[in-house]
Each structure stands twice: as structure tokens, then as C-alpha cells.
Amino acid sequence: YLESDHVYLNIFTPHRKYIIRCKMDDFIADHAHLNLLRVHRSYAVNIPHLESFSDVFVKVAGKEVPMHSNYRHQIIEAIRLMK
């Protein structure tokens, strides 16, 4: 998953955390093949690695990531398309 921290972007992978200086929107656009979807102003997740979700969070790699209600419909649609 991705976490925006001001001008930095924290990229969490199964093996390591990376920190780069990049806007989240730019990173998502440049890496469209990764199936990244924004779930909050400061977070995005890789949809194939999504474990579960509720009204207030999504769970990926055992981590509960906050989800804003504005993104709920996009997440449901993305999951439907992945099946």
C-alpha cells in the first residue's frame, strides 16, 4: 500500500518499505499496471492484495488502512472487476 506524508510517499511492500519524493496521484498514474486505488486522501492500496474492507478501513497485508466513504463505491467496483 501507499501512504502519503507531505511531499514524501511511503511505499510498503511485503519485504520492505521505500520512501520517495513524489505525489501520490503522479505515482498511481505512472504505475497503472499495479492496480493501485486511492482509498483515502493519504492512502492507496493494491487491489489484488486487499484482504477485507468495512465502512471505515480496508485491510491489506494485515494492516488496517483508513478508508474515506467517498472512495467506497470505487473500491466495490474495482473488486467486482477483478473477479
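Every value quoted in this text rests on a predicted model; they were computed, and no experiment measured them.
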Listed partners of Tyr71 passing ring-ring contact (aromatic ring centres under 6.0 Å, His included), at least two apart =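 Partners of Tyr71 by the ring-ring contact (aromatic ring centres under 6.0 Å, His included) criterion come out as none, since no residue qualifies.
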Residues in ring-ring contact (aromatic ring centres under 6.0 Å, His included) with Tyr1, at least two apart?
->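 Partners of Tyr1 under the ring-ring contact (aromatic ring centres under 6.0 Å, His included) test: Phe12.
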Which pairs count as salt bridge (charged side-chain N to carboxylate O under 4.0 Å, His left out) when at least one residue sits in residues 39-53, sequence neighbours excluded?
->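 Qualifying pairs: none.
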Enumerate, atom names and distances included, each donor-acceptor pair closer than 3.5 Å involving a side-chain atom of residues 21-31, sequence neighbours excluded.
{"unit_1": "Asp25", "atom_1": "OD1", "unit_2": "Arg38", "atom_2": "NH2", "d": "2.7"}
{"unit_1": "His31", "atom_1": "ND1", "unit_2": "Phe27", "atom_2": "O", "d": "2.9"}

If only atom types and distance count, is the side chain of Asn46 paired as donor or acceptor with the main-chain N or O of Leu34 below 3.5 Å?
->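 Here the side-chain-to-backbone pair exists.
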Under 3.5 Å: donor-acceptor pair, side chain of His6, backbone of Tyr8 | no
Under 4.5 Å between side-chain heavy atoms, chaining through other members, with only Ile, Leu, Val, Met, Phe, Trp and Tyr counted: pull out the rest of the cluster around Val56, sorted by chain and number.
-> Phe57
Search all heavy atoms of Pro66 against all heavy atoms of Val39 and return the closest pair with its distance.
-> O-CG2, 3.7 Å
Nearest heavy-atom neighbours spanning Val65 and Val60 |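 Closest approach of Val65 to Val60: CG2-CG1, 4.0 Å.
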All N/O donor-acceptor pairs, side-chain side in residues 13-20, below 3.5 Å, sequence neighbours left out:
{"unit_1": "Thr13", "atom_1": "OG1", "unit_2": "His15", "atom_2": "N", "d": "3.4"}
{"unit_1": "Thr13", "atom_1": "OG1", "unit_2": "Arg16", "atom_2": "N", "d": "3.0"}
{"unit_1": "Thr13", "atom_1": "OG1", "unit_2": "Arg16", "atom_2": "O", "d": "2.7"}

Qualifying residues under salt bridge (charged side-chain N to carboxylate O under 4.0 Å, His left out), relative to Arg72, sequence neighbours excluded =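 In terms of salt bridge (charged side-chain N to carboxylate O under 4.0 Å, His left out), with neighbours along the sequence ignored, Arg72 is linked to Asp55.
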With sequence neighbours excluded, residues passing salt bridge (charged side-chain N to carboxylate O under 4.0 Å, His left out) with Glu77 = Arg80
Are Leu2 and Leu50 grouped together when hydrophobic residues (ILVMFWY) are joined by side-chain heavy atoms under 4.5 angstrom apart?
-> no
Tell me whether Met67 is reachable from Leu37 by hopping between hydrophobic residues (I, L, V, M, F, W, Y) whose side-chain heavy atoms are closer than 4.5 Å.
-> yes
Applying side-chain hydrogen bond (donor to acceptor under 3.5 Å, both in side chains), which residue pairs with at least one partner in residues 56-66 are found, sequence neighbours left out?
->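 The answer is none; no pair qualifies.
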